[in-house]
Amino acid sequence: SQQGEEDPQALSIQEGENATMNCSYKTSINNLQWYRQNSGRGLVHLILIRSNEREKHSGRLRVTLDTSKKSSSLLITASRAADTASYFCATGWNSGNTPLVFGKGTRLSVIA
Amino acid sequence: DGGITQSPKYLFRKEGQNVTLSCEQNLNHDAMYWYRQDPGQGLRLIYYSQIVNDFQKGDIAEGYSVSREKKESFPLTVTSAQKNPTAFYLCATRQGGGPQHFGDGTRLSIL
């Protein structure tokens with residue numbers, strides 16, 4: 001069952017602009033993760049935020065988590081053409097190895 | 001991800017044929033997963049294994065089978081019972097509740 005739902009489904013911006021993607025989920029979680037997928041490739045892990053965290057940064061990435069609203073956002077600052085990819089959120093409901101549940105993704109196009 | 005090897009990269013299946021997709025990992029991760037991705041869609045879980053000699057069905061297990069005889073290997077067989085097998089198949093691993101690591105996928109098509 002797909003729990004995460006990303007919004008928007010597709011986003012097109014100019015190079016240098018910021019890109020914001022949102023993820024909503026339905027049940028309680030232990031952590032939320034964001035992944036990136038280039039066309040025809042596997043997913044690459046970007047960042048993990050735990051349920052007791054509100055914000056996390058990694059380079060040009062900023063992730064927020066609001067457990068009361070069951071939502072998260074991924075901000076990519078100063079976007080580059082190389083950021084063009086699909087971005088997925090995934091939720092984990094415990095600290096073990098039970099499968100993550102992925103959303104349908106946001107397709108980001110960064111135009112040079 | 002260099003630690004997970006999926007083969008072949010492209011695979012063609014004839015009507016009524018079973019095909020097996022390979023997934024090998026050298027990350028020493030306990031858990032392994034198979035996902036199916038259709039164009040423009042998210043990932044749907046087929047099967048997963050948290051330990052050798054044990055595996056569980058995911059959301060769309062019908063028409064698929066797996067085995068986990070070795071920690072490093074988790075092959076997926078797409079049987080003739082799977083009537084719509086055309087998709088991109090992704091294998092992943094995980095350890096200690098951390099992030100999932102993915103292979104580069106196998107694209108399966110019907111001849």
Side-chain angles (χ1 to χ4, degrees), chain A residues 1-11 21 23-26 29-52 56 58 61 63 74 85-109, chain B residues 1-7 9-10 21 23 25 27-52 54-61 68 71 74 87-107:
Chain A
S1 57
Q2 289 183 323
Q3 177 173 219
E5 289 289 336
E6 291 90 343
D7 170 59
Q9 291 186 341
L11 180 60
M21 288 158 270
C23 170
S24 60
Y25 57 92
K26 295 175 184 172
I29 61 169
N30 172 274
N31 63 83
L32 187 143
Q33 305 181 28
W34 284 91
Y35 290 79
R36 165 194 169 125
Q37 183 182 34
N38 285 25
S39 182
R41 304 295 299 273
L43 278 70
V44 174
H45 179 258
L46 295 176
I47 197 164
L48 181 155
I49 186 165
R50 300 197 187 283
S51 60
N52 61 354
K56 207 162 182 180
S58 177
L61 305 180
V63 169
L74 170 67
S86 292
Y87 293 82
F88 295 88
C89 70
T91 51
W93 65 273
N94 67 16
S95 58
N97 290 331
T98 50
L100 299 176
V101 179
F102 288 83
K104 293 186 178 181
T106 291
R107 183 186 298 273
L108 174 65
S109 298
Chain B
D1 194 320
I4 302 170
T5 302
Q6 288 190 243
S7 63
K9 192 170 178 65
Y10 300 96
L21 285 61
C23 178
Q25 57 118 346
L27 300 171
N28 200 34
H29 285 179
D30 287 326
M32 298 186 75
Y33 314 82
W34 274 106
Y35 292 92
R36 169 181 172 140
Q37 186 177 34
D38 293 282
Q41 298 296 310
L43 279 64
R44 291 187 290 169
L45 182 67
I46 305 173
Y47 268 99
Y48 68 102
S49 167
Q50 298 194 71
I51 197 168
V52 175
D54 187 47
F55 50 83
Q56 281 77 42
K57 293 182 179 180
D59 299 318
I60 55 165
R68 186 87 188 276
K71 189 174 187 177
F74 192 40
F88 189 50
Y89 290 86
L90 287 161
C91 176
T93 69
R94 195 176 184 201
Q95 182 70 22
Q100 287 187 194
H101 298 254
F102 284 82
D104 264 345
T106 292
R107 191 167 298 280

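Just so we're clear, the structure is a prediction, and the values are computed from it rather than from any experiment. Labels below follow one simple rule: chain letters A, B, ... track the order of the sequence lines, proteins then strands, and each chain is numbered from 1.
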Participant: Out of A:G96, A:G105, A:A90, return the one with the most heavy atom pairs under 4.5 angstrom to chain B.
Facilitator: A:G96

Participant: In Å and rounded to the nearest 0.5 Å, what is the CZ to CG distance from A:F102 to B:L45?
Facilitator: 9.5 Å

Participant: Taking the six-membered ring of B:F88, is NZ or CZ of B:R107 closer than 6.0 Å to its centre and within 45° of its axis?
Facilitator: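 Judged by the rule (NZ or CZ under 6.0 Å from the ring centre, within 45° of its axis), B:R107 counts as positioned above B:F88.
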
Participant: What option among A:R107, A:E6, A:Q9, A:Q37 has the most heavy-atom pairs under 4.5 Å with chain B?
Facilitator: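 Of the candidates given, the most pairs with chain B belong to A:Q37.
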
Participant: Among A:T98, A:I47, A:N94, which residue forms the greatest number of heavy-atom pairs with chain B at distances under 4.5 Å?
Facilitator: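 Of the candidates given, the most pairs with chain B belong to A:T98.
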
Participant: In the structure I gave you, are the side-chain heavy atoms of A:Y25 and A:C89 within less than 4.5 Å of one another anywhere?
Facilitator: no

Participant: Where on B:Q37 is there a heavy atom nearer than 4.5 Å to chain A: the side chain, the backbone, both, or neither?
Facilitator: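 Just its side chain gets close to chain A.
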
Participant: Can you tell which part of B:Q50 gets under 4.5 Å to a heavy atom of chain A, answering side chain, backbone, both or neither?
Facilitator: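 The side chain, not the backbone.
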
Participant: Are the ring centres of B:F55 and B:F74 closer than 6.0 Å?
Facilitator: no

Participant: With sequence neighbours excluded, tell me which residues meet side chain to side chain contact (heavy atoms under 4.5 Å, CB included) with A:N30.
Facilitator: A:R50, A:S95

